[in-house]
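Throughout, protein chains are lettered first and strands after them, A, B, ... in sequence-line order, and every chain is numbered starting at 1.
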2 protein chains.
Amino acid sequence: MPTSGDASPPIYRVKADFFRLLGHPARVRVLELLRDGERTVGDLRSALGLDSGGTSQHLTTMRRQGVLDSRRAGTNVYYRVKDPRTFQLLEVARQILSAQLEESRGLLGELSAVEFVPADGATDADHRSR
Amino acid sequence: MPTSGDASPPIYRVKADFFRLLGHPARVRVLELLRDGERTVGDLRSALGLDSGGTSQHLTTMRRQGVLDSRRAGTNVYYRVKDPRTFQLLEVARQILSAQLEESRGLLGELSAVEFVPADGATDADHRSR
DNA sequence: TCAACATCTTCGAATATTCTAAGACACCAA
DNA sequence: TTGGTGTCTTAGAATATTCGAAGATGTTGA
C-alpha cells in the first residue's frame, strides 16, 4: 500500500485547523443549535439570520472537516453534530472564559477601591508597561 | 454601577474569538510546549523556528486574550498557561481528531475492497453528489 | 555609561477568510 | 412537466490575519 500523495500534516497543524473551524461566531452558534438534535438548513438559516448561501457555506465547511454530518429528507437537509465530544469542547471553553470574566471582574473591583494601596506598590504582573 | 462603554459581545462571539486564537499551528505548539511548565521566549522561539518578532507576536496575542501569563526574570520573560483547563481543550480535540482519522481509515479500507458491493448501491451519506 | 543580549513593536506586503449577490440544482406536488 | 421551495455553488469585493524585515526598548554586567 502506497503512502499516498499528500504527506499528512503534523498534528499541531491538524489541531489548529480544527480550532480555526470553530473560530467563527456563526459556526459556534450552529453547534449550540445542534446541541439537542438535528436541524434543517432552513431552521439554522433563520436562527442565524443569514441568507441560505452563507448558511450553506458554513455548514459545508464544517461537514468537509468532519464536524457535522447531514442527511436529506425530501427537499430538506438535516444537519447534526457527528461527535458528541464536540460539545465538551464548547463546555470547557465556557468554563475557561467564565473564569477569565470572574478574574477581570475581581481586578475591576480592586481598581475602584482607590483607598486601598497594597504594601508593595508594584504587583508581579506589572512588568509590562505600555 | 454603570454598564460601561463597550457593550459586551454575545457569548458565541467570545467563544469564537477564543477558538480562533487557538487556530494557528504555532500557537497550538506553544501550548503544547508549555504543557509541563513555563518557558522563556527564547526557548519557545527556537522550538518553533520563528524569529523573535513572530514569536513575540503570537505570545502577545495569547496573553492579551488571557490564555497566557508572563513573568520577567532578569532579561528573560517566562510564559505559562494561565488556566490548566486549556490543556483539556487540546486533549478533547485530540480525541475527536483521532476518532475521525480512525473512521476515514475504515472508509479507505472499504474503498480498496473493490470486490465487495453492498446490497443497496447507495449509502445514506451519499445524497450529495459532486 | 556602554555593550551585549532578550524581547517587543511597527509597518507594508502576502495570504486567507468572509461577505454579497446571482444563479444553478434537487425534490416534490400538482 | 412545470412551478415552487429548499439547498448549494461560484466569483469577486471587502476584510482580517500572518509574514518578514527593520529597528526600538529594556535589562544586566562590565
Has A:S52 got a side-chain N or O lying under 4.0 Å from the OP1 or OP2 atom of D:dC8? no
Near-strand residues of residues 19-26 of chain A, defined as heavy-atom separation under 4.0 angstrom from DNA chain D: none
Before accepting this row, confirm whether a basic side-chain N of the pair B:D36/B:R39 lies closer than 4.0 Å to the acidic partner's carboxylate O. yes
Which residues share a side chain to side chain contact (heavy atoms under 4.5 Å, CB included) with B:R45, sequence neighbours left out: B:S52, B:T55
Please name all residues satisfying salt bridge (charged side-chain N to carboxylate O under 4.0 Å, His left out) with B:D43, sequence neighbours left out, ordered by chain then number. none
Between CZ of A:R27 and C1' of C:dT17 the distance, given in whole Å, is 9 Å
Expressed as a whole number of angstroms, how long is the span from A:M62:CE to C:dT17:P? 15 Å
Below 3.5 Å, does any donor atom in the side chain of A:Q57 face an acceptor in the base of C:dT17, or the other way round? no
In terms of hydrophobic clustering (I, L, V, M, F, W, Y; side-chain heavy atoms under 4.5 Å; direct or indirect links), are A:L90 and A:L68 co-clustered? yes
When rounded to whole Å, the OH to C1' distance for the pair A:Y78 and D:dG6 reads 12 Å
State whether A:Y79 places a side-chain N or O below 4.0 Å from either non-bridging phosphate oxygen (OP1 or OP2) of D:dC8. yes
Residues 69-89 of chain B vs ring pair (Phe, Tyr, Trp, His ring centres under 6.0 Å), sequence neighbours excluded, gives none
Using only atom types and a distance under 3.5 Å, with no angle test, would you say the side chain of B:S56 pairs donor to acceptor with the backbone of B:G53? no
Main-chain N/O of A:G74 paired with A:R72 side-chain donor or acceptor, under 3.5 Å: yes
Please collect all side-chain hydrogen bond (donor to acceptor under 3.5 Å, both in side chains) contacts where either partner lies in residues 90-100 of chain B, sequence neighbours excluded, each pair once. B:E91-B:R94, B:E91-B:Q95
Please tell me which of A:L50 and B:T55 maps to the more 5' nucleotide of DNA chain C, matching each residue to the nucleotide holding its nearest heavy atom. B:T55
With the 4.5 Å side-chain cut-off for hydrophobic clustering, are B:L50 and B:V41 part of the same group? yes
At 10 degrees resolution, what angle do the end axes of the helix from C:dT1-D:dA30 to C:dA30-D:dT1 form when each is taken over five base pairs? 30°
Sequence neighbours excluded, which residues qualify as side chain to side chain contact (heavy atoms under 4.5 Å, CB included) partners of B:Q88? A:V92, B:R85
Between the protein and nucleotides 4-6 of chain C, which nitrogen or oxygen pairs are less than 3.5 angstrom apart?
{"unit_1": "C:dA6", "atom_1": "O4'", "unit_2": "B:T75", "atom_2": "OG1", "d": "3.0"}
{"unit_1": "C:dA6", "atom_1": "O3'", "unit_2": "B:N76", "atom_2": "OD1", "d": "3.0"}

Who passes salt bridge (charged side-chain N to carboxylate O under 4.0 Å, His left out) against A:R13, sequence neighbours left out? none
Against the side chain of A:S56, the closest entry in C:dT20, D:dT18, D:dC8 is D:dC8
Do you reckon A:M62 sits in the same ILVMFWY cluster as A:L33, going by side-chain contacts under 4.5 Å, direct or chained? yes
Return a table of donor-acceptor pairs under 3.5 angstrom between the side chains of residues 21-32 of chain B and protein atoms on other chains or two or more places apart.
{"unit_1": "B:H24", "atom_1": "ND1", "unit_2": "B:A26", "atom_2": "N", "d": "3.0"}
{"unit_1": "B:R27", "atom_1": "NE", "unit_2": "B:L21", "atom_2": "O", "d": "2.7"}
{"unit_1": "B:R27", "atom_1": "NH1", "unit_2": "B:H58", "atom_2": "ND1", "d": "3.1"}
{"unit_1": "B:R29", "atom_1": "NH2", "unit_2": "B:A47", "atom_2": "O", "d": "3.3"}
{"unit_1": "B:E32", "atom_1": "OE2", "unit_2": "A:K15", "atom_2": "NZ", "d": "2.7"}

Check this one for me: any side-chain N or O of B:H58 less than 4.0 Å away from OP1 or OP2 of D:dT18? no
How many Å lie between CG on B:D51 and P on C:dT7, as a whole number? 13 Å
Nearest heavy atom decides the nucleotide; on that basis, is B:A73 or A:G54 closer to the 5' end of DNA chain D? A:G54
Rounded to the Å, how far apart are B:L68 CG and C:dC8 P? 11 Å
Which residues share a side chain to side chain contact (heavy atoms under 4.5 Å, CB included) with A:D51, sequence neighbours left out: none
For DNA chain C, find the residues of residues 28-35 of chain B with a heavy-atom distance under 4.0 Å and give them by number; none if there aren't any. none
Atom-pair distance (CZ on A:R13; C1' on C:dA16), nearest Å: 12 Å
What is the separation between atom CG on B:D17 and atom C1' on D:dT17, rounded to the nearest whole Å? 13 Å
